[in-house]
Amino acid sequence: MSETNYWLVKSEPNTYSISDLQREQVTIWDGVRNYQARNFLREMQPGDRVFFYHSNTMPPGIVGLAEVSSTNIDDPTQFDPQSKYYDPKSTIAAPRWQTVQIKFLETFPQMITLETLKQKFTPEELQLVKTGNRLSVMPVAGAIAEKILNL
DNA sequence: GCCAACGTTGGC
DNA sequence: GCCAACGTTGGC
């Protein structure tokens with residue numbers, strides 16, 4: 001019996017927003033080109049919950065929840081020369097970038113702003129609130145996730 | 001638009 | 001393997 005893990009992914013809403021996910025229901029989380037973030041994507045299990053965060057907005061914050069619906073997917077954009085995420089060093093035989101498919105669960109009635117998160121949690125509890133944190137995929141401890149869901 | 005933080009690249 | 005230069009992220 002494995003516990004549900006919680007994660008957080010960032011997205012700029014003018015690139016891909018929670019309403020885009022709500023419309024499409026599922027999406028492959030492609031385009032991540034940071035090794036630390038990729039390693040977290042590789043750890044994700046079906047059924048894990050994913051907080052959806054809007055960055056580069058005023059204000060920024062968590063806007064909803066998704067669920068991991070399929071894991072260990074080779075990011076298709078790494079092989080596509082037309083894609084801005086094309087990686088010429090990646091091959092079909094030895095792909096570098098794996099990701100997951102996520103499924104829409106809900107949009108929160110109101111955004112949980114970064115400001116609120118900073119008030120409630122220390123950087124040790126929640127990496128997201130650490131100054132200068134640029135990681136776009138990160139784990140959220142279960143106890144902290146519960147508190148976020150109850151805000 | 002500014003700029004701090006920080007990951008990546010490449011010369012040596 | 002070091003580290004300066006550079007590019008990107010993302011809050012403000």
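Note on naming: letters A, B, ... go to the chains in the order of the sequence lines (proteins, then strands), and numbering restarts at 1 for each one. Everything numeric here is computed off the predicted structure, so don't read it as measured data.
- Taking every heavy atom of both residues into account, A/P13 and A/D20 meet most closely at O-OD2, 4.3 Å.
- Taking only side-chain nitrogens and oxygens, A/K10 never comes nearer than 4.0 Å to OP1 or OP2 of C/dT9.
- Atoms CG (A/N34) and C1' (C/dG7) sit 14 Å apart, rounded to a whole Å.
- Following rounding to the nearest Å, A/L8 (CG) and C/dG10 (P) show an atom-to-atom distance of 11 Å.
- In this structure, A/L135 atom CG and C/dG10 atom P are separated by 9 Å, rounded to whole Å.
- Of the candidates C/dG10, C/dC12, B/dG7, C/dG10 carries the atom nearest the A/N56 side chain, counting heavy atoms from C-beta on.
- In this structure, A/Y53 does not reach the C/dT9 phosphate: none of its side-chain N or O atoms is under 4.0 Å from OP1 or OP2.
- Remark: C1' of B/dT9 and CG of A/D87 are 14 Å apart, rounded to the nearest angstrom.
- Of the side-chain N and O atoms in A/K84, none sit less than 4.0 angstrom from OP1 or OP2 of C/dT8.
- Separating the OH atom of A/Y35 from the C1' atom of B/dT8 is a distance of 10 Å, rounded to the nearest angstrom.
- Between A/W7 and A/F40, the ring planes are tilted. Angles from 30° to 60° get that label.
- Between A/F52 and A/Y16, the ring planes are tilted. Angles from 30° to 60° get that label.
- Among all heavy-atom pairs drawn from A/R96 and A/R42, the shortest one is O-NH2, 3.6 Å.
- One can place CD1 of A/I62 at 16 Å from C1' of C/dG10, the figure rounded to the nearest angstrom.
- A heavy atom closer than 4.0 Å to some atom of DNA chain B occurs in A/T131, A/G132, these being the qualifying members of residues 124-133 of chain A.
- The distance from atom CD of A/E115 to atom C1' of C/dG11 is 12 Å, rounded to the nearest whole Å.
- You'll find that the side chain of A/M58 is closest to C/dC12, out of C/dC12, C/dG11, B/dT8.
- Ranking C/dG10, C/dG11, B/dT8 by closeness to the A/L114 side chain, first place goes to C/dG11.
- Using modelled atom types, one finds no donor on one side chain facing an acceptor on the other under 3.5 Å when comparing A/N133 with A/Q127.
- Hydrophobic clustering of Ile, Leu, Val, Met, Phe, Trp and Tyr side chains at less than 4.5 Å, counting indirect connections, keeps A/I28 apart from A/L105.
- With no hydrogens or angles considered, a side-chain donor-acceptor pair links A/Q101 and A/S69 at under 3.5 Å.
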Filtered N/O pairs between nucleotides 1-6 of chain C and protein, under 3.5 Å:
none

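- Residues A/T71 and A/M44 share a closest heavy-atom pair of CG2-O, 3.2 Å.
- In this structure, CG of A/L117 is placed 14 Å from C1' of C/dG11, rounded to the nearest angstrom.
- Between the side chains of A/W97 and A/D74, no donor-acceptor pair is found at a separation under 3.5 Å.
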